[in-house]
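Heavy atoms only: backbone and side chains are in, while hydrogens, waters and symmetry mates are out. Letters go in sequence order (proteins before strands), and every chain restarts at 1.
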There are 2 protein chains.
Amino acid sequence: MTSSPSPSRRSARERLLETADRLFYAEGIHTVGIDRILEESGVAKGSLYYNFGGKDDLVRAYLLRQHSGWVAAITARTAQQTEPRAKILAVFDALIPIFASPTFVGCAFHHAAAEAHAGSTEDLAVKEFRTWLYELFAAPVEQGGYDNPQRLVAQLVQLFDGANMTAAADHDPHAAGHARAAAEVLLAAASPS
Amino acid sequence: MTSSPSPSRRSARERLLETADRLFYAEGIHTVGIDRILEESGVAKGSLYYNFGGKDDLVRAYLLRQHSGWVAAITARTAQQTEPRAKILAVFDALIPIFASPTFVGCAFHHAAAEAHAGSTEDLAVKEFRTWLYELFAAPVEQGGYDNPQRLVAQLVQLFDGANMTAAADHDPHAAGHARAAAEVLLAAASPS
DNA sequence: GCTCCTTTGAACAGGTCTGTCTAAACGAGT
DNA sequence: ACTCGTTTAGACAGACCTGTTCAAAGGAGC
């Protein structure tokens, strides 16, 4: 079935998705044509239209893969924490290895948002990611009983976005650490007792 | 000359730049073809290649215009302030009317960075903007004698970027206010005495 | 009236991209 | 051996994009 690859070689679908992920992320969705993806993945064009409906479906699968990657990387860290404050700070700790990756060029959803038309596949995927991002902070903030929780969540999301931007655009190796330190200060200032 | 428009109608250069600014910003540089710009500005194709060398030069002029817009909007506010703390907070006050504009869809340089190839016209313009942005905060931070100035500047830039992201992607009407409040907390925590 | 800068309209070439189609081959399971 | 899901290779159409070129007209200043 869909999850049983051929023995000698991975399926065309897997190779397409992996190559699309690499190229779309590194160079942009609009910039990369399907011919590039087909050439670098060694897959025939017919296989793309057999496995996916077209480029749009491939883009959707790419963004879903990116979303899953963020969820996996961050919940792996936050799930180990029980205290609300530690859960929040763990998000920024999770950014450290992500930013350190040699292929990191920023948050894929920031890029997708920049290229997206309203109502497009990219736009919908970005909205889903943003919803998850807010909930990621909203849950522990509420649990911690912080002052002005709505504002605090917005500020933490801003730090998350800003850290991604500065890590990518300015190649700041301490972006995650700086954001974490800022989050500590904000949490201390919003602590109830 | 270049600054004396015709009496009845604005010059082709002006009309091109204004239309390019509107379309590039709203829909992206790669997405918008010159034919769209020519059609909506009512300028002949020959005039584009007479005034500009081609699309690349038009893109360069568009990003320069955006850069000038940011500088004008922000220095108009910061120049009124004398105290370092007030100068820094004035940057975030300047964001309020910018974010409130009905045509605001985020920082043009965030979008350009997402579309840029390394070494491209967009890439160079983004680097210049980022340099200006850091200096915008670095000067008053140094003047104010704050603790760990390098980290503080990075954190303020992160708030600036994050506010732009949340204002655009999430349509948060309080993005600038939240970022300003966060900056106040960070400045208080880094105050020397 | 003359000149020169600017603008116009239109056509053309060359390139890229997405999407479709066809015919053939492969390979695993029955 | 047969079937069916999958993959391959290539050709093709249709659309869009950038850039170039040309002849002609407009308009301001001298």
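- Here E184(B) pairs with R180(B) in a salt bridge; the nearest charged N to carboxylate O distance falls below 4.0 Å.
- For R15(B), the listed nucleotide lying nearest its side chain is dT7(C); candidates were dT18(D), dT8(D), dT7(C).
- Among the heavy atoms of the strands lying under 4.0 Å from G33(B) are primed sugar atoms or P, OP1, OP2 only; no base atom is included.
- Atom CG in L38(B) sits roughly 11 Å away from atom P in dC17(D) (whole-Å rounding).
- Listed nucleotides dT7(C), dG19(D), dT20(C) differ in distance to K45(B); the shortest reach to its side chain belongs to dG19(D).
- Heavy-atom distances to DNA chain C give each of G46(A) and T31(A) a nearest nucleotide, and the one nearer the 5′ end belongs to T31(A).
- Every residue two or more places apart in sequence or in another chain was checked for a side chain to side chain donor-acceptor pair (under 3.5 Å) with T78(B), and none qualifies.
- Nucleotide dC17(C) holds its P atom 12 Å from the CG atom of L23(A), rounded to whole Å.
- Rounding to whole angstrom units, CZ of residue R13(B) and P of dT8(C) are separated by 15 Å.
- When the C1' atom of dC16(D) is taken as reference, atom CD1 of I37(B) falls 15 Å away, rounded to whole Å.
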Apply the test side-chain hydrogen bond (donor to acceptor under 3.5 Å, both in side chains) to residues T121(A) and D56(A): give CA-CA distance (whole Å), side-chain angles for both, the deciding distance (0.1 Å), then the verdict. CA-CA 7 Å; T121(A) 297; D56(A) 200 58; 2.7 Å; yes

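- Side-chain N or O atoms of H67(A) include none that pairs as donor or acceptor with a backbone N or O of E128(A) at under 3.5 Å.
- Near DNA chain D, meaning a heavy atom under 4.0 Å from it, residues 47-61 of chain A has S47(A), Y50(A), N51(A) in order of number.
- Ring centers of F109(A) and W132(A): at least 6.0 Å apart, outside the cut-off.
- If you take CD of E39(A) and P of dT18(C), they are 13 Å apart, rounded to a whole angstrom.
- By the 4.5 Å heavy-atom criterion applied to side chains, Y49(B) and I34(B) are counted as neighbours.
- Straight-line distance from the NE2 atom of H30(A) to the C1' atom of dT18(C): 13 Å, rounded to whole Å.
- No side-chain donor-acceptor contact under 3.5 Å links Y62(A) to the backbone of T19(A).
- Between the CD1 atom of I34(B) and the C1' atom of dT8(C) there is a distance of 15 Å, given to the nearest Å.
- The nearest whole Å value for the distance from the CG atom in D35(A) to the P atom in dC17(C) is 6 Å.
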